[in-house]
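Letters A, B, ... are given to chains in the order of the sequence lines, protein chains preceding strands, and every chain is numbered from 1. Model, not experiment: these values are computed from the prediction.
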2 protein chains.
Amino acid sequence: MRKSVTILDIAKLAHASPATVSRVLSNSSYPVSAELKRKIKSAAKELNYTPNLLGRQLKTNNSMTIGIIVPSISNPFYSSIVLGVEEIARANGYQVLLCNSHQDVILEKQFLQTMLEKQVKGVIISSISAEKNLLRQFSDKGICVISIDQHREGEDIYQINYDYRKGGFMAASHLAECGHTKIAFVTAPLDRPSRIYMVQGFRDALRESRILFNDGYLLVSEIPKNTNYNSNIEFENGKTMARRLTELSDRPTAVVACNDLMALGFIYELNRLGVRVPDDVSVIGFDNIDFANISMPPLTTVDHPKYEMGKFSCGMLFQVLNGENVNISEIVLQPKLVIRNSVRVLANC
Amino acid sequence: MRKSVTILDIAKLAHASPATVSRVLSNSSYPVSAELKRKIKSAAKELNYTPNLLGRQLKTNNSMTIGIIVPSISNPFYSSIVLGVEEIARANGYQVLLCNSHQDVILEKQFLQTMLEKQVKGVIISSISAEKNLLRQFSDKGICVISIDQHREGEDIYQINYDYRKGGFMAASHLAECGHTKIAFVTAPLDRPSRIYMVQGFRDALRESRILFNDGYLLVSEIPKNTNYNSNIEFENGKTMARRLTELSDRPTAVVACNDLMALGFIYELNRLGVRVPDDVSVIGFDNIDFANISMPPLTTVDHPKYEMGKFSCGMLFQVLNGENVNISEIVLQPKLVIRNSVRVLANC
DNA sequence: CTGTTAGCGCTTTCAA
DNA sequence: TTGAAAGCGCTAACAG
């Protein structure tokens, strides 16, 4: 590897000063004569020059990079978000540093620190940490942070949220309307706002429908230890939960799952056990990932505009970066029930 | 946003020189007295110091960043790869810049250029471009490039490939062994090595089984224009192909699809049209993504060790970066048939 | 063990 | 319209 060519080499070759070369090559609006401009450009081409952005970035204090932290990109829910973010970032000439927290609070914190050090201009995070003021140091350093999906209580940061409570409410209400009264809730650990709100909405709906909630119907999966989180785990958890459900003495006729992956695993296992969906057990999922379509039967679920959330949050980030006045600091996206074929309408309806 | 604190501020506060501060804060092995070390560390904490890696990176010419380019992370196939890469990168203290090429050759090239400028230490790419010497300038600049999944003919770069030919062969052979003779191949455009090799293997298998391949059985989907590539497109293409299949005068009894997403869409649509899988039509997919399990029926498919490919390629990258002698420049991963329930064994077998 | 100093590659005043 | 020179934050010779 030979010494890399810099602006100085070009200056020499084009008989110009480094300053002028910089102005030409960085598309500055600064006036430079057409003649010199041409000479510099051709010199750059001749030397096969590649600008070293580290130099520029250090000088201008702008890394043209944003970071995104999600639990795991292997979950289609998050890959949709990331895709949306990346799209808007690209449109603005930025790149994105991707971090999978693997549901690990410590890892998440490390990533946050590294991003700070790498001088990202902003961070979009779906945090699984409950730590207060986790994101404080970013605002302190003038770095824009947008928290998405997981509501952060009482922190003075931008948030794009989703009404999980209402989503849980809609799911349970739908089941109630279809005549179900023995309704279970199948979920991963209630260790974060989204899931807590969901259960809350779920319970509210039952109460409103005058359905008594049997606490034995709240099925919570274990946290897998010492393993990288990925989509398979949710799916497997769904399978486990299905087995637990079938062992229940007074078996529910319907369940809502905290996400589609889990619902899909749940249905898979029920099929395998010979329990028919929706004939024997109805299932409602959450998120409406693309794959909600392909299960047998196609999954009725609560839609979450993930991709839009990604685009939206990143758009907001750039508004803030560009100094536009963003006066709304919290936005709440709305759930929508998507009815497919995994819920049975009972006769008494 | 106040002026950010630098190594100099700490030096002042701790009554030390910037050099010493640097040595302490960058965990250099350079000897510093315990006393001074302590003072510097506490000063750093007091000032809430965050190192600016841009400075270090410029100086040391090491960005501690690698790049990865894939068509789209919304495809679980690629998100698995990325997950593997990210894991190894993290273990080595590196971060990864994620780029989705959206199957766009021009975009891919731009990303490559930006990575060059951002001084990544290496790039892992599943390229959809057929351009010769696309990756040449990286080796020229001493940047390690590892091409994955898509075989690059005659380019002097590291490659981790997969035997798509053999995979196609295995799929077709399996169908032949199950007694099928009217076998279709359903694929996205044959614009890259993987697919071309697959068809080739497919044809070879038929020939070997003395089955005549009807050219009308090669169903190739259109390239969607003016839209960002994502997993939904593959799925939709699969649906379209299913409709095309049912319109064929002499309908095949079996098909192999070029990837699971497509196979899943294909099955979905057949189900909808009342064509039973595998009773009426057998289907084999490709990749063995997690979701291959959840279709109805569960998909028989050809396994691709994607996640391992990601880890492996990134491991190789670091071997090269660390100057270890990597004498194998091309590695070929092997396919494996995963039999589930989407293939019917015909009576005459 | 500690400090001085040069400089990574670039941009940007400021002066000409 | 051009150039000289300072300096972004950090590290690494080198000297002491």
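- Proximity of B:Thr20 to the phosphate of C:dG3: a side-chain N or O atom is located under 4.0 Å from OP1 or OP2.
- Within 4.0 Å of B:Leu8, counting heavy atoms only, lies no atom of the nucleic acid at all.
- For A:Pro51, the side-chain atoms get nearest to C:dC10 when compared with the rest of C:dC10, C:dG9, C:dT2.
- The side chain of A:Lys59 sits closest to C:dT11 out of C:dT11, D:dG3, D:dG9.
- With respect to the salt-bridge test (charged N to carboxylate O, under 4.0 angstrom), the residues A:Glu35 and A:Arg38 qualify.
- In this structure, B:Leu53 reaches neither bases nor backbone, as no heavy-atom distance under 4.0 Å exists between it and the strands shown.
- Counting any heavy atom pair closer than 4.0 Å across all strands shown, B:Ser22 reaches a base atom.
- Note on B:Thr6: every side-chain N or O is 4.0 Å or more away from OP1 and OP2 of D:dG9.
- Along DNA chain C, the nucleotide closest to A:Arg56 and the one closest to B:Thr60 are compared, and the more 5′ of them pairs with B:Thr60.
- Looking only at side-chain heavy atoms (C-beta outward), B:Glu108 and B:Ser127 come within less than 4.5 Å of each other.
- The existence of a salt bridge linking B:Glu117 and A:Arg56 is excluded, since no basic side-chain nitrogen approaches an acidic carboxylate oxygen closer than 4.0 Å.
- Within the 4.0 angstrom heavy-atom criterion, base atoms lie near B:Leu58.
- Of the side-chain N and O atoms in B:Tyr30, none sit less than 4.0 angstrom from OP1 or OP2 of C:dG3.
- When distances are taken from the side chain of B:Pro31 to each of C:dC1, C:dG3, D:dT2, the shortest belongs to C:dC1.
- Between B:Glu87 and B:Arg90 there is no salt bridge, since no side-chain N of the basic residue sits under 4.0 Å from a carboxylate O of the acidic one.
- The nearest heavy atom of DNA chain D to A:Val32 and to B:Gly55 marks one nucleotide each, and the one closer to the 5' end goes with A:Val32.
- Among the nucleotides C:dT13, D:dA12, C:dT11, the one closest to the side chain of A:Ile7 is C:dT11.
- Note on B:Glu155 versus B:Arg152: salt bridge recorded, some NZ/NE/NH1/NH2 to OD/OE distance being below 4.0 Å.
- Nucleic acid contact class of A:Ser28 (heavy atoms, under 4.0 Å, all strands): none.
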